[in-house]
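Written out below as structure tokens is the structure these notes cover.
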Amino acid sequence: MPANKRELRAYLRAQRTALSAQQQRQHAQALAQGFLQAPSLLKHRHIAFYLPQDGEIDPRPLMQVLLKRRHCVYLPVLHPVSHHQLWFVRYHTKMPLIANRFGILEPQLTAYGHRASNRLPAWALGIIALPLVGFDSQGGRLGMGGGFYDRSLAFTRRAQGNKPLLLGLAHECQKLDDLPVEPWDIPLQGVLTEAHLYWHNGKG
């Protein structure tokens, strides 16, 4: 197993990109079923997801079901001013999407996305479902290294105030026994894969 984060990211990204298109579809459907069978997740009405890239597990089938059930779904957008911060814009199926500077699709910040009424601050969301490269049994998350989620969710370290449930979404093949973590890394309360729902830090 690679020892440093750079090599670990490369190893785990290779694991998920090696999955076939059929396996990806099966995992996406199983992920949706796992979420829909968890009352502790379904009770939340305002939920942020992401649009997949680079072999990430696909939450879009789940997003479509939740929209039909009248949940409010949000997507992250790179903040137009603040460096390494995210906005969360309410998503609808006909929303125009554009590639950001990293090539990741996100809602276009036209008049819709810029209006505060169409966004929620991270603290007001019930769940933020995060993409990840790897995770461990202690709630550790290995991301792509940009630090966008860690900076945007740094407020969760405060003792008081509203806090969303931070739920990683991943393929089972991305699970490791232990990950190297930094002091600024924000831990997850749970991780949902195509096979299991893992709870950490006394959650669940």
Side-chain angles (χ1 to χ4, degrees), residues 1-41 44 47-59 61-62 76 84 86 102 104 122 125-159 163-204:
M1 186 64 63
N4 63 63
K5 283 190 173 182
R6 182 180 62 81
E7 293 177 351
L8 194 56
R9 284 191 182 96
Y11 168 79
L12 291 169
R13 290 172 68 188
Q15 292 287 101
R16 71 186 187 192
T17 55
L19 296 169
S20 68
Q22 180 180 4
Q23 287 174 310
Q24 284 281 3
R25 288 191 295 270
Q26 291 172 341
H27 289 188
Q29 292 296 332
L31 181 88
Q33 288 301 313
F35 191 103
L36 297 171
Q37 292 170 4
S40 59
L41 300 180
H44 297 282
I47 306 173
F49 288 98
Y50 59 87
L51 295 178
Q53 64 147 8
D54 191 40
E56 292 169 342
I57 198 164
D58 189 350
L62 172 58
H84 281 190
L86 297 172
F102 300 108
I104 302 171
L125 291 161
I127 297 175
I128 298 180
L130 291 77
L132 53 84
V133 178
F135 70 98
D136 64 21
S137 57
Q138 291 78 47
R141 170 184 176 266
L142 181 67
M144 288 297 291
F148 287 90
Y149 280 98
D150 286 325
R151 289 180 176 86
S152 300
L153 301 176
F155 72 91
T156 61
R157 292 191 178 280
R158 296 197 294 265
K163 299 177 185 180
L165 190 156
L166 304 182
L167 180 72
L169 303 183
H171 302 283
E172 191 70 21
C173 65
Q174 295 172 251
K175 184 177 186 294
L176 298 175
D177 292 333
D178 191 46
L179 276 174
V181 295
E182 306 294 344
W184 54 83
D185 289 339
I186 302 298
L188 302 170
Q189 278 83 53
V191 175
L192 178 63
T193 74
E194 77 280 5
H196 296 288
L197 174 56
Y198 300 94
W199 290 110
H200 313 300
N201 302 320
K203 295 290 182 178

Side-chain donor-acceptor pairs under 3.5 Å in residues 165-173, sequence neighbours left out?
{"from": "His171", "atom 1": "ND1", "to": "His27", "atom 2": "ND1", "distance (Å)": "2.9"}
{"from": "His171", "atom 1": "NE2", "to": "Gln24", "atom 2": "OE1", "distance (Å)": "3.4"}
{"from": "His171", "atom 1": "NE2", "to": "Gln24", "atom 2": "NE2", "distance (Å)": "3.4"}
{"from": "His171", "atom 1": "NE2", "to": "Gly55", "atom 2": "O", "distance (Å)": "2.9"}
{"from": "His171", "atom 1": "NE2", "to": "Ile57", "atom 2": "N", "distance (Å)": "3.3"}
{"from": "Glu172", "atom 1": "OE1", "to": "Thr193", "atom 2": "OG1", "distance (Å)": "2.6"}
{"from": "Glu172", "atom 1": "OE1", "to": "Tyr198", "atom 2": "OH", "distance (Å)": "3.3"}
{"from": "Glu172", "atom 1": "OE2", "to": "Tyr198", "atom 2": "OH", "distance (Å)": "2.3"}

Between Pro76 and Phe49, the two heavy atoms sitting closest are CD-O, 2.9 Å
Hey, could you give me the CZ/CG distance between Phe135 and Leu176, rounded to the nearest 0.5 Å?
8.0 Å
Within this structure, what is the CD1-CG distance for the pair Ile47 and Leu41, rounded to the nearest 0.5 Å?
7.5 Å
Write down the atom of Glu56, the atom of Leu51, and the distance for their closest heavy-atom approach.
OE1-O, 4.1 Å
Step through the shown structure and confirm whether more than 12 heavy atoms of other residues, nucleotides or ligands are within 6.0 Å of CZ on Arg9.
yes
Give a yes or no on whether the backbone of Arg158 and the side-chain of Lys163 come within a donor-acceptor separation of less than 3.5 Å.
yes
Under a 4.5 Å cut-off applied to non-hydrogen side-chain atoms, are Gln23 and Glu194 in contact?
no
So which heavy atom on Leu132 is nearest to which on Gln174, and how close?
O-NE2, 2.9 Å
Using a strict cut-off of less than 4.0 Å between a Lys/Arg side-chain nitrogen and an Asp/Glu carboxylate oxygen, indicate whether Asp54 and Arg16 qualify as a salt bridge.
yes
Considering only heavy atoms from C-beta outward, does the side chain of Pro52 approach that of Pro59 to under 4.5 Å?
yes
Could you tell me which residues satisfy side-chain contact (heavy atoms from CB on, under 4.5 Å) with Arg151, sequence neighbours excluded, listed by chain and number?
His84, Gln85
State, yes or no, whether a side-chain contact exists between Arg25 and Ser20 at a heavy-atom distance under 4.5 Å.
no
Smallest separation among heavy atoms of Thr156 and Pro164, with atom names
CG2-CD, 4.3 Å
So do the side chains of Leu142 and Asp136 get within less than 4.5 Å of each other, counting heavy atoms only?
no
Rounded to the nearest 0.5 Å, how far does CD1 of Ile127 lie from CG of Leu125?
10.0 Å
Smallest separation among heavy atoms of Ala122 and Ser152, with atom names
CB-O, 4.3 Å
For the pair Gln29 (side chain) and Gln26 (backbone), establish whether a donor and an acceptor sit closer than 3.5 Å, ignoring hydrogens and angles.
no
Is it true that Phe148 and Phe102 have ring centroids separated by less than 6.0 Å?
yes
Should Arg141 and Asp185 be marked as a side chain to side chain contact (heavy atoms under 4.5 Å, CB included) after you check the CA-CA gap, both sets of side-chain angles, and the distance that decides it?
CA-CA 8 Å; Arg141 170 184 176 266; Asp185 289 339; over 6 Å; no
Do the non-hydrogen side-chain atoms of Lys175 and Ser137 ever get within less than 4.5 Å of each other?
yes
As a quick check of understanding, evaluate side chain to side chain contact (heavy atoms under 4.5 Å, CB included) for Phe35 and Leu192, giving each step before the final call.
CA-CA 8 Å; Phe35 191 103; Leu192 178 63; 3.8 Å; yes
Can His200 and Val191 be said to form a side chain to side chain contact (heavy atoms under 4.5 Å, CB included), step by step?
CA-CA 8 Å; His200 313 300; Val191 175; 4.0 Å; yes
Would you please test Ile186 and Leu130 for side chain to side chain contact (heavy atoms under 4.5 Å, CB included) and show each step?
CA-CA 11 Å; Ile186 302 298; Leu130 291 77; over 6 Å; no
